[in-house]
Amino acid sequence: IYIIFGTVAGLIGPLVGGFIGTFFGFKYLLYFAIIFTIISIFPLFKLENIKPTIRLNPLYIINLFKSHKNYFFGTIADNIRSFAEGVIWPLFIFFSLKNLISVGYVGTLISLGTLLFTLFIGRISDVKDKHILLKMGGLFYAITWILRIYINSPIFLYIISIIAGFLSLMIAIPFISIFYAH
C-alpha cells in the first residue's frame with residue numbers, strides 16, 4: 001500500500017511533463033520542475049528536528065556490510081534497475097520516437113500498470129515464497145530488457161513498458177518485504 005501512494009503521486013507527472021515540454025519547450029519544463037522542487041522543500045521546515053540516537057562510525061558500517069552483504073548488493077542492484085527504468089528507458093523512447101509526449105505516455109503507463117499490479121503482487125508475496133517470486137521476477141525482467149533491443153514500433157514500446165512495470169514489482173515488493181523483515 002505504501003508503494004501505491006508513491007505511484008499515485010508520480011502517475012500524472014510524466015504525462016504533464018511531456019505535454020509541457022512539447023507545447024512550451026524544454027526550458028519551461030525545467031522552470032516548472034525547479035519551481036515545484038522549491039515548493040516541495042517548504043513542508044520540510046514544519047518537521048521536528050529529531051536527532052539520531054545512534055552515531056555511525058566506519059567500523060559499524062563495515063560490520064553492518066559484512067553481516068548483511070546480500071541486502072547491500074540487492075539495494076545497489078535495485079537502484080540500478082530503478083535508474084535504468086526511470087532514466088535510460090525514457091531517454092531511449094525519446095530518441096526512438098522523437099516525441100516528448102510519448103515519454104510522458106510511457107511514464108504514465110508504467111505508473112498505472114504498477115499501481116494496478118502492486119496489491120496483486122503484494123498479496124502473492126505474503127502467501128508464496130518471496131525468494132522464488134524475486135528470482136522469477138528477475139528472470140522475466142531481464143528477458144524484457146533483451147526484447148527491448150529488438151522493438152522499434154511505438155505500440156510495442158508501450159506494451160513492453162507496461163510489462164516491465166509489472167515485472168519490476170515482482171522484484172521490488174518481495175525484496176522490500178525481505179529487507180524490512182530482517
Side-chain angles (χ1 to χ4, degrees), residues 1-37 40 74-128 130 132-177:
I1 291 175
Y2 292 124
I3 293 171
I4 289 176
F5 288 140
T7 305
V8 168
L11 187 62
I12 293 284
L15 192 57
V16 170
F19 278 112
I20 291 172
T22 299
F23 294 118
F24 300 107
F26 185 76
K27 181 171 79 172
Y28 288 101
L29 176 60
L30 185 62
Y31 292 151
F32 191 73
I34 289 170
I35 289 168
F36 270 96
T37 302
S40 70
T75 302
I76 290 168
D78 190 49
N79 288 335
I80 291 169
R81 179 201 56 79
S82 178
F83 177 76
E85 197 69 47
V87 176
I88 295 178
W89 183 241
L91 284 173
F92 175 78
I93 299 265
F94 174 70
F95 288 123
S96 295
L97 302 179
K98 307 280 192 257
N99 186 345
L100 271 176
I101 293 178
S102 294
V103 175
Y105 287 147
V106 168
T108 301
L109 287 173
I110 290 171
S111 296
L112 185 61
T114 57
L115 175 72
L116 298 174
F117 204 58
T118 299
L119 281 175
F120 177 71
I121 289 295
R123 295 193 188 207
I124 289 175
S125 179
D126 289 341
V127 178
K128 302 292 182 184
K130 292 169 184 47
I132 292 173
L133 194 60
L134 185 63
K135 290 175 185 176
M136 285 176 40
L139 173 68
F140 292 129
Y141 188 73
I143 291 170
T144 64
W145 274 101
I146 294 169
L147 290 175
R148 291 176 190 202
I149 296 169
Y150 302 105
I151 293 176
N152 59 5
S153 167
I155 190 71
F156 287 118
L157 287 173
Y158 297 145
I159 291 170
I160 199 75
S161 296
I162 293 171
I163 292 170
F166 291 161
L167 294 174
S168 69
L169 287 173
M170 287 181 67
I171 298 168
I173 291 175
F175 178 72
I176 291 169
S177 180

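- With rounding to the nearest 0.5 angstrom, the CD1 atom of I151 is 12.0 Å from the CD1 atom of I146.
- With T22 contributing its side chain and F19 its backbone, the two residues share no donor-acceptor pair below 3.5 Å.
- You'll find the side chain of R148 reaches within 4.5 Å of the side chain of W89, heavy atoms only.
- Considering CD1 of I80 and OG1 of T75, their distance stands at 11.0 Å, rounded to 0.5 Å.
- Closest heavy-atom contact between A33 and T37: O-OG1, 2.7 Å.
- Closest non-hydrogen pair, K130 versus S125, comes out as NZ-O, 2.9 Å.
- Taking L167 as the reference, F140, Y141, T144, I163, M170 meet the side-chain contact (heavy atoms from CB on, under 4.5 Å) condition, with sequence neighbours excluded.
- A distance of 13.0 Å separates CZ in F23 from CG in L29, rounded to the nearest 0.5 Å.
- Atom CZ of residue F117 and atom CD1 of residue I173 lie 8.5 Å apart, to the nearest 0.5 angstrom.
- Remark: aromatic rings of F32 and F36 are close, center separation under 6.0 Å.
- No donor-acceptor pair under 3.5 Å is formed between the side chain of S82 and the backbone N or O of D78.
- Residues I121 and F166 have side chains not in contact (no heavy-atom distance under 4.5 Å, counting atoms from C-beta outward).
- Two residues are said to be in side-chain contact when any heavy atoms from C-beta on lie closer than 4.5 Å; L169 and F120 fail this criterion.
- Take D126 and apply the side chain to side chain donor-acceptor pair (under 3.5 Å) test, not counting sequence neighbours, and it matches no residue.
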Inset, instruction - Mind running side-chain contact (heavy atoms from CB on, under 4.5 Å) on L147 and F156 for me, showing each step along the way? - result: CA-CA 10 Å; L147 290 175; F156 287 118; over 6 Å; no

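- Summarising the geometry of P174 relative to L133, their closest heavy-atom pair is CG-CD2, 3.7 Å, with the distance given to 0.1 Å.
- Using cut-offs of 30° and 60° on the angle between ring planes, the pair Y28 and Y31 is perpendicular.
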